[in-house]
Amino acid sequence: GYRVSLQGNFFGRNHTYITFPEYNPRRHIKLDPPLNIQSNVTASKCQIRWSVPWYLVEILQYELQYKEYSMSWEIALNKTPPSSLPQIEIEATELRSGIAYIARVRCKVSENEDSYHSQWSEWSQTTVFQRAGVPKLSEKILTTRTMQFLFIPLSFGTLLYLFWSCKLSSRYCCFLTSGQKASPALTFPHQLLSFSHSIICTMGILR
């Protein structure tokens, strides 16, 4: 360790004041704040990441603060990562839909570390995020019904057109003689039945 003292000259006399009789720099560390804080939001959670020097990753602990963007930091929520990894997750249930949030993080040497000791760093830069929107049930029902209402008239219009085309084609169709290939007009009913079956299956999916 080191001996830290303060010397001064008062009224022509030198005085020495001992501040730290045994000062160990490794026990009095203040780190720089984490860098590159970023947020990634999904429907179920918000993941926040940051970076620190690689040689410090295993001995640091972190504290995250987050709040609604318009609120004061004095009422921010604190969250501690479960490990020394420079990341943390906030569940979507902890966030209000449609509200912007802001977060920051700070670090210090882990209390489980015997060789070093530090105080909290300053707070990092901030990252802004918002809970991913989840469509309401009524919106999903409305979208499905809209698709059904659009699909039904289009489907029946197509069927009427096919029936009319089949009727016109049949007027010019002749009976087959042996050895001749089938006319497209004769194989058309099978295609029409297949198309009708596809419409019925699609309507069942849209329900």
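- The shortest side-chain heavy-atom distance between K108 and Q61 falls under the 4.5 Å cut-off.
- Scanning both residues, S51 and N36, for their nearest heavy atoms gives OG-ND2, 3.0 Å.
- In the hydrophobic clustering of this structure, V128 does not group with L95; members are Ile, Leu, Val, Met, Phe, Trp, Tyr whose side-chain heavy atoms approach within less than 4.5 Å, directly or through other members.
- Distance CD1/I99 to OG/S70: 7.0 Å, rounded to 0.5 Å.
- Atom NZ of K45 and atom CD of E89 lie 3.5 Å apart (nearest 0.5 Å).
- By the rule that hydrophobic residues join a cluster once side-chain heavy atoms approach within less than 4.5 Å of another member, W120 and L64 end up as members of separate clusters.
- For the residue pair N78 / Q65, a side-chain donor-acceptor distance below 3.5 Å is found, with atom types taken as modelled.
- L56 has its side chain out of reach of W54: every pair of non-hydrogen atoms, C-beta onward, lies at least 4.5 Å apart.
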**Item:** Test side chain to side chain contact (heavy atoms under 4.5 Å, CB included) applied to V52 and V57, step by step
**Value:** CA-CA 7 Å; V52 294; V57 170; 3.9 Å; yes

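- Minimum interatomic distance between W73 and T126 (heavy atoms only, all atoms of both residues): CZ2-CG2, 4.0 Å.
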**Request:** Please step through side chain to side chain contact (heavy atoms under 4.5 Å, CB included) for the pair L60 and L31, ending with a clear verdict.
**Result:** CA-CA 10 Å; L60 295 185; L31 300 168; 3.3 Å; yes

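- At a cut-off of 3.5 Å, with distance as the only test, a side-chain donor of Q87 or R49 sits close to an acceptor on the other residue.
- Between the side chains of Q130 and Y69, no donor N or O sits under 3.5 Å from an acceptor N or O.
- Using a 4.5 Å heavy-atom threshold, the side chains of Y66 and I90 count as touching.
- Not a single donor-acceptor pair under 3.5 Å links the side chain of Y101 to the backbone N or O of T127.
- The number of heavy-atom neighbours closer than 6.0 Å to CD of E58, taken from other residues, nucleotides and ligands shown, is 12 or below.
- Under a 4.0 Å N-O distance rule, the pair E122/K30 qualifies as a salt bridge.
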**Message:** Does N40 form a side chain to side chain contact (heavy atoms under 4.5 Å, CB included) with C46? I'd like the steps, not just the answer.
**Reply:** CA-CA 6 Å; N40 181 31; C46 172; over 6 Å; no

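- In this structure, OG in S110 is found 10.5 Å from OH in Y62, a value given to the nearest 0.5 Å.
- Cation-pi contact between R106 and W50: absent, since separation from the ring centre below 6.0 Å together with deviation from the ring axis within 45° is not met.
- A distance of 8.5 Å separates CG in N112 from CG in D114, rounded to the nearest 0.5 Å.
- Summarising the geometry of S121 relative to P34, their closest heavy-atom pair is OG-CD, 4.1 Å, with the distance given to 0.1 Å.
- Between K79 and E63 there is no salt bridge, since no side-chain N of the basic residue sits under 4.0 Å from a carboxylate O of the acidic one.
- Note: I59 CD1 to C107 SG = 10.0 Å, rounded to the nearest 0.5 Å.
- Note: the hydrophobic cluster containing I102 does not contain V41 (ILVMFWY, side chain heavy atoms under 4.5 Å, direct or indirect links).
- With rounding to the nearest 0.5 Å, the separation of CD1 in I37 from CD in Q125 is 9.5 Å.
- Between the S39 side chain and the I48 main chain, no donor and acceptor come within less than 3.5 Å of each other.
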